[in-house]
Number of protein chains: 2
Amino acid sequence: MNDISILTKALQHSGLRLTPQRMAICELLAATDRHPTALWIYEQLRPRYPSLSLATVYHTLEALVGLGAINELGSAGDGTVHYDANVQPHINLACVSCHRVIDLPSEHIEHVASEVKDASGYRLFGARILYYGLCPECQAKAI
Amino acid sequence: MNDISILTKALQHSGLRLTPQRMAICELLAATDRHPTALWIYEQLRPRYPSLSLATVYHTLEALVGLGAINELGSAGDGTVHYDANVQPHINLACVSCHRVIDLPSEHIEHVASEVKDASGYRLFGARILYYGLCPECQAKAI
DNA sequence: TCTAAATTAGTAATGATTATAAATTGAAAT
DNA sequence: ATTTCAATTTATAATCATTACTAATTTAGA
């Protein structure tokens, strides 16, 4: 869940046009708690935008990543790239079996950020923090 | 840099054979500070093992990941999977300008791992922790 | 040595992503 | 309103990492 205006303003401010397709992709990114793939977005929007092309979805996501408005999560074990509209430092937790990716709040992660900054002298822009393991449901199935 | 016996023992203990190909892959994983891809490993070993197959590299890496002896890092922007022989919790820090990736030790990150485990009920296998920003050298250049 | 299973090599198949080119759209200027 | 030009979309082809498959090879144990 996120503020859609962050996404749309990022596009407009950089001189890119806010087309209906891009608007719909931003709406979906802002409205979901999931960490969608390009294909999932494409399938969600196809009923409303029958002419939508998968290439457009990829182009828009690439633009938003380049603007820092969303993050690319890298493959979570299923070989496909997931995206995250939440660019605030937080923890992603992926199940290697069912491939769900959930968000986790963390108290300690803020200490890590300042630790990194102090120890390295880097000016930090963001972070992608992905833990992976077996979720409780898949642990139960495995038995 | 890592202890090769951790890798070889993991293979042997699970009943898998320690073939020359697998031994060579373990040596390479243990000797490097990089985060190698399957293709990089293949190209490194081909001079010494001209008959080595890329499929064998993938099979061996898959086995080591399954045993928890190495971690799969997921694609970090270049579309290829990287592996990390360092399974101890640590932080990768990437410079968005010069694209170097360095490792950072962290005290707080261990607390995060136990926090994640306790809060989620997941059985954790590993983590990919990447901070990105501008390194001191590139900050100086930017001025 | 002999046999059965594991492993490897080589190659084909898969599937996500990207590149390309033609068609469409949109904004500005006339 | 029309023209023009660049941005965008669409459709499809190409690419590239990875997986699947099969035959050949190797290994461990009888």
Side-chain angles (χ1 to χ4, degrees), chain A residues 7-8 10-28 35-67 70-83 94 96-97 99 101, chain B residues 7-8 10-26 28 35-67 70-83:
Chain A
L7 302 176
T8 56
L11 288 173
Q12 290 182 305
H13 196 264
S14 70
L16 294 171
R17 289 183 193 158
L18 191 51
T19 65
Q21 292 92 332
R22 286 176 178 165
M23 176 69 91
I25 291 168
C26 288
E27 281 173 6
L28 203 52
H35 302 93
T37 65
L39 185 62
W40 182 84
I41 292 171
Y42 173 64
E43 289 171 344
Q44 296 297 309
L45 295 180
R46 201 157 40 170
R48 275 202 292 145
Y49 297 84
S51 74
L52 182 68
S53 166
L54 186 53
T56 299
V57 178
Y58 275 108
H59 289 154
T60 302
L61 291 171
E62 184 188 18
L64 288 168
V65 169
L67 295 169
I70 65 174
N71 276 338
E72 189 182 305
L73 290 189
S75 62
D78 63 350
T80 71
V81 172
H82 293 246
Y83 295 86
V96 298
S97 178
H99 302 128
V101 182
Chain B
L7 300 176
T8 57
L11 288 173
Q12 290 180 305
H13 195 263
S14 70
L16 295 171
R17 290 181 192 159
L18 192 52
T19 65
Q21 292 91 332
R22 286 175 179 165
M23 177 69 91
I25 292 167
C26 289
L28 204 52
H35 303 106
T37 65
L39 185 62
W40 183 83
I41 293 171
Y42 173 65
E43 289 171 344
Q44 295 297 309
L45 295 179
R46 202 158 41 170
R48 274 203 293 146
Y49 298 84
S51 74
L52 181 68
S53 167
L54 186 53
T56 299
V57 177
Y58 275 107
H59 289 154
T60 302
L61 291 170
E62 184 188 17
L64 288 168
V65 169
L67 294 167
I70 65 174
N71 278 338
E72 190 181 305
L73 292 188
S75 62
D78 62 351
T80 71
V81 172
H82 292 247
Y83 296 87

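Residue numbers begin at 1 in each chain, while the letters A, B, ... track the order of the sequences. Hydrogens, waters and symmetry mates are skipped; everything else that's a heavy atom, side chains included, is used.
The side-chain heavy atoms of L11(B) and C26(B), taken from C-beta on, include a pair separated by under 4.5 Å. Counting heavy atoms from C-beta outward, Y83(A) and E72(A) have side chains that approach closer than 4.5 Å.
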Sub-3.5 Å pairs of nitrogen or oxygen atoms, protein against nucleotides 2-4 of chain D:
none

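For T19(B), the side-chain contact (heavy atoms from CB on, under 4.5 Å) partners at least two apart in sequence or on another chain are R17(B), Q21(B), R22(B). For Y42(B), the side-chain hydrogen bond (donor to acceptor under 3.5 Å, both in side chains) partners are R46(B), not counting sequence neighbours. When the side-chain contact (heavy atoms from CB on, under 4.5 Å) test is applied to Y58(A), the partners found at least two apart in sequence or on another chain are A38(A), L54(A). Among residues two or more places apart in sequence or in another chain, the salt bridge (Lys or Arg N to Asp or Glu O under 4.0 Å) test is passed with E27(A) by R48(A).
The salt bridge (charged side-chain N to carboxylate O under 4.0 Å, His left out) contacts involving residues 54-64 of chain B comprise nothing, where partners must be two or more places apart or lie in separate chains.
Taken to the nearest 0.5 Å, the NE2 atom of H35(B) stands 10.0 Å off from the CG atom of N71(B). Remark: I25(B) CD1 to T8(B) OG1 distance equals 13.0 Å, nearest 0.5 Å. One finds the CG atom of L61(B) at 5.0 Å from the CD1 atom of I70(B) (value rounded to the nearest 0.5 Å).
Think of the region where chain A sits on DNA chain C: with heavy atoms and a 4.0 Å cut, that region ends 5' and 3' at dA16(C) to dG26(C).
Straight-line distance from the CE atom of M23(B) to the C1' atom of dT26(D): 16 Å, rounded to whole Å. Here dA7(D) presents its C1' atom at 13 Å from CG of L11(A), a figure rounded to the nearest Å.
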Fill in: Contact letters for nucleotides 9-25 of chain D, in which S counts primed atoms plus P, OP1 and OP2 and B counts the base, heavy atoms under 4.0 Å
SBB-----SSBB-----

